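What follows is a single structure, written as structure tokens, with notes after it.
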There are 2 protein chains.
Amino acid sequence: MDAVQDEAAGKRARGLDRAFEILDFLRQKRQALKPNEIAAQIGAPRSSVYELVNLLLSNGILEFTGGEGRVYLGRKLYFLGAAYENHFDFTRECEATLERLADETRETAQFCMLDGNRYTVVRMREGARPFRISTDVGQSVPIPWTASGRLLVAHLADEEILSFIPPQDFRLPGGEWLEPQTFIAEVRQAEREGLFTFNSIVDSFTHCFAVPVRGEEGHAAATLCLVTPRDDGIANRDRYLDCLKKAAAGLEHAPARPRRG
Amino acid sequence: MDAVQDEAAGKRARGLDRAFEILDFLRQKRQALKPNEIAAQIGAPRSSVYELVNLLLSNGILEFTGGEGRVYLGRKLYFLGAAYENHFDFTRECEATLERLADETRETAQFCMLDGNRYTVVRMREGARPFRISTDVGQSVPIPWTASGRLLVAHLADEEILSFIPPQDFRLPGGEWLEPQTFIAEVRQAEREGLFTFNSIVDSFTHCFAVPVRGEEGHAAATLCLVTPRDDGIANRDRYLDCLKKAAAGLEHAPARPRRG
DNA sequence: TGTTTTTGTCCGCTATATTGTACATATGAT
DNA sequence: ATCATATGTACAATATAGCGGACAAAAACA
């Protein structure tokens, strides 16, 4: 149900792709799993998964943890990720910006990016009255479900957007179908206005504000968002958007800019 | 010169291993490289490297950056690393501990772990008088070059240590040969005393203090270190070791302990 | 200008990685 | 006790991934 890139069914999968499918799956699940469970849930041959898991274990990409032969992401991935973070040094500025945003607005502030063809919250700072946010940090969710999603694909042509986003991602969490043309219209509107806001699709009590953080190529490399109770959001709309835009402007020097090279 | 696990020469390498060899190599180099350069420097067939690099690019494991077709570690790795960090939630406590250590001693404090069969500085807090530390955060260096190395392998049997550490890693940076038996003796001493200190092998002006941070299995999952000017180190030895031990004790509840599962 | 090096693509051969199947245990349900 | 399910291992068949080598464009150099 989740197989992202099954070019053609019934073909032999490449080890590398399978391996990263396993890693991504563990990330989504956010818990250690047995090889057997992994195989069953991603719909891959058991023998292949066992072979790959053992390979990844011996490389430190996966680790035994949680007992019973369960495996989870390994330390080597942490090191590689740290090297990435170090190279594109956005973390420090990002953290400070979120802190300031949360201080100014008392609302929950998020820094979001694309994760492949989905959306993910990279960093989050809870507001004064924390409430249960529906999307956790690090979880990938369909692009059309989010305000930021409208901004993150705005640099693509219409057809590119349609082929980029998995079709099933236009099915909203409640089960309704979001017409792709409607989505595209919202993307273009967001692009023109340099922002997008709406009552969250994922829950029924929050309002979301998103503004782009533009990278070197001029399109949205990330977004800054506020997630607020609906009343607060409506009441403070102008001020919140102002805070967001100032914050984004401050970030646009830092993110996705390599330190050397 | 760096091929870590060449079981037998002249054999066909598995794509997965090659891929992670590429990733590790980029991490070591800490800069974007062209596929051609990668192939040449790791001694792999060009056609294979091109194929793998393109695969990794399409998965977001690698990214184009630095122009001229150069590639570096990609965003996906950052996400996977963040998931690891989130699961084994040691970062927050670790950062606070290093801060406190640096405050108490005014010296450079480090949190170190094994990276496969080598040693790496995971996090560092510079002291009051920062000086050029010879090993940067994220760089892997041979285990025998470091004080922490004595502690990190102490849970292994003698023969296990010898087969775990690449033989060439006993050649010290100055060119001298460290007799493995000498190293083992130091390991056992470190194990008994629960600490290791020496004048750095890597440079000629620092003294290093290391204490273990024990994980669930009771052996050193990580180390805390101080890197000091030699005079300072000798003069404050007892106090520094005391600070380190207290800090390590404080960490031993947190690190390498999964949040759930 | 001509020459060499660097960089990227393409293609056929074959060693082998992926996979289905079978087997062996452990665990749990009835 | 009997059956069903979950879990890990072993192995052979074959689709294919990795490799060497050829080709060409571009860049560096003379």
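Each chain gets a letter, A, B and so on, in the order the sequences are listed, and its residues count up from 1. Below, all heavy atoms of this structure are taken into account, side chains as well, without hydrogens, waters or symmetry copies. The structure displayed is predicted, hence computed values, not measured ones.
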Let me know the distance between [atom1] of [X] and [atom2] of [N], rounded to the nearest Å.
X	N	atom1	atom2	result
Y50(A)	dA24(C)	OH	C1'	13 Å
L57(B)	dG8(C)	CG	C1'	14 Å
Q41(A)	dT7(D)	CD	C1'	15 Å
R70(A)	dG8(D)	CZ	P	10 Å
D17(A)	dA17(D)	CG	C1'	12 Å
K34(A)	dT5(D)	NZ	P	17 Å

Output field: ring centroids Y78(B)/Y78(A) closer than 6.0 Å: no
Taking D24(B) first and then R27(B), would you say they form a salt bridge - that is, a charged N and a carboxylate O separated by under 4.0 Å? yes
Is any side-chain N of the basic residue among D115(A) and K76(B) closer than 4.0 Å to the acidic one's carboxylate O? yes
Does F79(B) have any ring pair (Phe, Tyr, Trp, His ring centres under 6.0 Å) partners at least two apart in sequence or in another chain, and if so, which? none
State whether the side chain of R118(B) and the backbone N or O of D169(B) hold a donor-acceptor pair below 3.5 Å, judged by distance alone. no
side-chain contact (heavy atoms from CB on, under 4.5 Å) between V121(A) and D136(A), worked out: CA-CA 7 Å; V121(A) 180; D136(A) 285 330; over 6 Å; no
Please tabulate the protein-to-nucleotide N/O contacts below 3.5 Å involving nucleotides 18-20 of chain D, giving atom names and distances.
from, atom 1, to, atom 2, distance (Å)
dG18(D), OP1, G15(B), N, 3.0
dG18(D), N3, R12(B), NH2, 3.0
dC19(D), OP1, A13(B), N, 3.0
dC19(D), OP1, R18(B), NH2, 3.0
dC19(D), OP2, S48(B), OG, 2.4
dC19(D), O5', S48(B), OG, 3.4
dG20(D), N7, S47(B), OG, 3.0
dG20(D), O6, S47(B), OG, 3.4

